[in-house]
Each structure stands twice: as C-alpha cells, then as structure tokens.
Amino acid sequence: MRAGGTNVRGTVYLVGAGPGAPDLLTLRAAELLKRADIVFHDALVHPETLALAAGAEKIAVGKRCGWHSTAQRFINKRLVDAARIHRVVVRLKGGDPMLFGRAQEEIDTLEAAGVSCEVVPGVTAALGAAALVRTSLTRRGLSRSITFVTPRAGSGEDAHDWARSALAADTCVLYMGVGEAEMIARTLMGRGASPDLPALIVENASLPGERVLPTRLADLAATAAAHSGGPALILLGQVFARVQVPAQTLERMHVA
Ligand code: SAH
C-alpha cells in the first residue's frame, strides 16, 4: 500500500473552469461543483461559477503572478489533507487544468499519497480567443499546426527554448506573455520571424471586458502597452491576417 493511503475518504477532481464566462463550463464540472464539499480555486474563476458550489467551503489559492514553488507545495498538501476529511474535493482551475496550471505536481502528490484523482477538462483560453475572433486556428491552406507556449519559467525551472517552440508551428498562442511583449517580439524576429507576422492580443476572452487588439509582430510591444491588465494571450500566425475587432467587442469595450 502506498504511503498515506489509509484514512483517505475522498476524491480530488481537477476541474477546468473555462476561459471566464460561467456558461463555458462543462456539465460534468457543474455537477461536481454542486456536489463539492470543498473547492480550492484559482483567482481568475468567475464568481458565478463558484456560486454553483453552494454547499462547499471555498478557498482561493491561485496567485496570478509571482508563483512560488513553496506556494504550490502548500496547495498540494492542502489537497491531500482535504481528501482525508471530505468526499468531493474540487481543485478548480482556469481554462483547462492540464495547460499551464501546475496540474502534474498536484496529480503526482495525490497519487503518492494514495488519494484518488480525476481530471475534468475545460475550454482553454486559446480556444476562447479563437471563438471571439471567429478565426480557425487551423484554417485550411494556412495552418496545419498550433503551439501553446509560455515564455514564463517558474522559479527553479531550467531555461527552456520557448522561441523554438513558438516558431515550430503555423499558429502560435502565447500564454502569460503580454507583460514581456517587447522581449517576445525581439526574440522571435531575431530568430527569423517576419516583422509583418500578423499578431493579436486578446484580453479577457469570453468576459465582459473582452478586447481584441490586432497588430503585427514588429508592433507587438506598442500594442501591449494598451493592455488593461486583464488575463491576455498573444496569438501569432497568418490565420490572423484579416482579423478585425468584432463588433460586439467594441460594444463591450470600456473606453479608457
Ligand atoms: N489553464 C489555463 C491557463 C493558465 S495560465 C487555460 O487553459 O486557459 C494563465 C494565462 O492564461 C493568462 O496569463 C493568460 O495568458 C491566459 N488566459 C486565461 N484566461 C484568459 C482569458 N479569459 N482571456 C485571455 N487570456 C486568458
């Protein structure tokens, strides 16, 4: 028997909350939230989504920036402890739990402690953004491949050649990159990407403050300066060449 396997009552569900809008949640996720005894949630999860977990204790654990591995270890431990007390433990993460969400650390810790664990997928931010701009990420004739990349490395993580990954496919979606737009554009152009490569910054996809800023790689940093601080993606590729700002986005945009 694995260490800690005794005394475990519950199952921990790693659940995707989708990109923001509460109705982009899966039925399975909604069902689990209704049954949840305790929910550990990221900072970006919508209050209406949390409200589905009417009977649960809710604990905010996500940090938007400056994530430390000690904080992650603390969450891992809390999930194990919660499963010793509760039957339905939900770890609710923005988008899809398996993308840029530290899911593997949590799964590995739970397995090592003998806690059963299930994953419920969610709509990742890239797909929320593609829907908003009504642009296929795999448009025939222009794109047969997509990379989901982040230039951000956690503390203690080895340096990684994110630029190689970004340039390896026809379409690239960069997560957690908008604060480093100048470095991203400079690095990618230094590696041979065209200054005219069509680019978008999509902010708050699926939320009331959603915004689309169409640009090109050479102007990415200047465009990013207009970013208001909500969660944002950078999307790169020829498929975005003709993206206009959708009318409903203009309506919803708050004028600064
Ligand atoms: N697991 C999540 C990603 C977590 S990393 C997913 O699958 O979507 C957090 C990053 O996701 C943010 O820095 C931002 O780049 C992106 N993001 C999350 N929600 C977003 C939204 N509504 N609009 C645009 N980008 C978003």
Side-chain angles (χ1 to χ4, degrees), residues 13-26 29 40-50 60-67 71-72 75 90-107 119-135 137 146-154 157 160 162 165-166 171-181 183-184 199-215 220 223-224 226-236 240 243 245-246 248-249 252-254:
Y13 297 88
L14 270 57
V15 176
D23 57 351
L24 286 178
L25 195 72
T26 65
F40 295 91
H41 62 91
D42 283 359
L44 289 176
V45 173
H46 197 286
E48 277 180 38
T49 307
L50 285 178
V61 289
K63 279 208 201 163
R64 288 204 42 199
C65 302
W67 192 280
Q72 183 60 52
I75 293 171
V90 170
R91 173 70 178 102
L92 189 61
K93 292 169 178 282
D96 182 272
M98 305 303 249
L99 290 174
F100 306 122
R102 302 279 191 141
Q104 202 63 55
E105 285 103 308
E106 293 173 9
I107 293 166
V119 179
V120 179
V123 176
T124 191
L127 303 183
L132 173 61
V133 296
R134 295 191 292 269
T135 300
L137 303 182
I146 312 163
T147 50
F148 294 160
V149 181
T150 185
R152 167 104 42 105
E157 223 179 306
H160 179 267
W162 64 268
S165 310
T171 301
C172 170
V173 185
L174 284 153
Y175 287 68
M176 294 178 276
V178 86
E180 296 171 280
M183 180 282 288
I184 288 169
L200 301 177
I201 294 177
V202 175
E203 186 179 3
N204 289 316
S206 86
L207 289 166
E210 64 188 0
R211 269 176 109 193
V212 182
L213 305 171
T215 185
L220 192 67
T223 308
H227 160 248
S228 75
L233 296 169
I234 296 170
L235 300 98
L236 302 170
F240 305 114
V243 169
V245 180
Q248 71 266 35
T249 308
R252 287 181 206 164
M253 265 168 60
H254 28 243

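Below, all heavy atoms of this structure are taken into account, side chains as well, without hydrogens, waters or symmetry copies. Counting starts at 1 for both ligands and their atoms, in listed order.
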Can you measure from CG (Leu220) to CD (Glu180) and round to the nearest 0.5 angstrom?
->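 Here the rounded value is 11.5 Å.
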Enter the distance from Leu213:CG to Thr223:OG1 here, rounded to the nearest 0.5 Å.
->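 Atom-to-atom, Leu213:CG and Thr223:OG1 are 7.0 Å apart.
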For the student: nearest non-hydrogen atoms of [X] and [Y], plus distance:
{"X": "Gly16", "Y": "Leu25", "value": "O-CD1, 3.7 Å"}
{"X": "Ala126", "Y": "Leu137", "value": "O-CD1, 4.3 Å"}
{"X": "Gly128", "Y": "Val123", "value": "N-CG1, 4.2 Å"}

May I ask you to list the atoms of ligand 1 that are less than 4.0 angstrom from any heavy atom of Asn204?
->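 By the 4.0 Å cutoff, the relevant atoms are 22 (N), 23 (N), 24 (C).
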Would you mind listing which atoms of ligand 1 come within a distance below 4.0 Å of any non-hydrogen atom of Ala232?
->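 Numbered from 1, ligand 1 contributes 14 (C), 15 (O), 24 (C), 25 (N).
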Before signing off on this row, confirm whether [X] and ligand 1 have an N or O atom pair separated by under 3.5 Å.
{"X": "Thr124", "answer": "yes"}
{"X": "Ala205", "answer": "yes"}
{"X": "Asp96", "answer": "yes"}
{"X": "Gly94", "answer": "yes"}
{"X": "Pro19", "answer": "yes"}

Relative to atom 17 (N) of ligand 1, which among Ala43, Gly20, Gly128, Ala125 owns the nearest non-hydrogen atom?
->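 Minimum heavy-atom distance to atom 17 (N) of ligand 1 goes to Ala125.
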Which residue from Met176, His46, Lys93 reaches closest to atom 12 (C) of ligand 1 through any of its heavy atoms?
->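 Considering heavy atoms of Met176, His46, Lys93, the nearest to atom 12 (C) of ligand 1 sits in Met176.
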Listed partners of Thr150 passing side-chain hydrogen bond (donor to acceptor under 3.5 Å, both in side chains), at least two apart =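 Per chain and number, Thr150 pairs via side-chain hydrogen bond (donor to acceptor under 3.5 Å, both in side chains) with no residue.
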Parallel, tilted or perpendicular: which describes the rings of Tyr175 and Phe148, with under 30° parallel and over 60° perpendicular?
->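 Correct class here is perpendicular.
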Among the heavy atoms of Ala129, does any lie under 4.0 Å from an atom of ligand 1?
->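 The answer is no: ligand 1 sits nowhere under 4.0 Å from a heavy atom of Ala129.
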Taking only residues two or more places apart in sequence or in another chain, which ones pass salt bridge (charged side-chain N to carboxylate O under 4.0 Å, His left out) with Glu48?
->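 Salt bridge (charged side-chain N to carboxylate O under 4.0 Å, His left out) check on Glu48 returns nothing, list empty.
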Counting only heavy atoms, which portion of Val202 has something under 4.0 Å from ligand 1: side chain, backbone, both, or neither?
->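 Val202 to ligand 1: backbone contact only, side chain stays beyond 4.0 Å.
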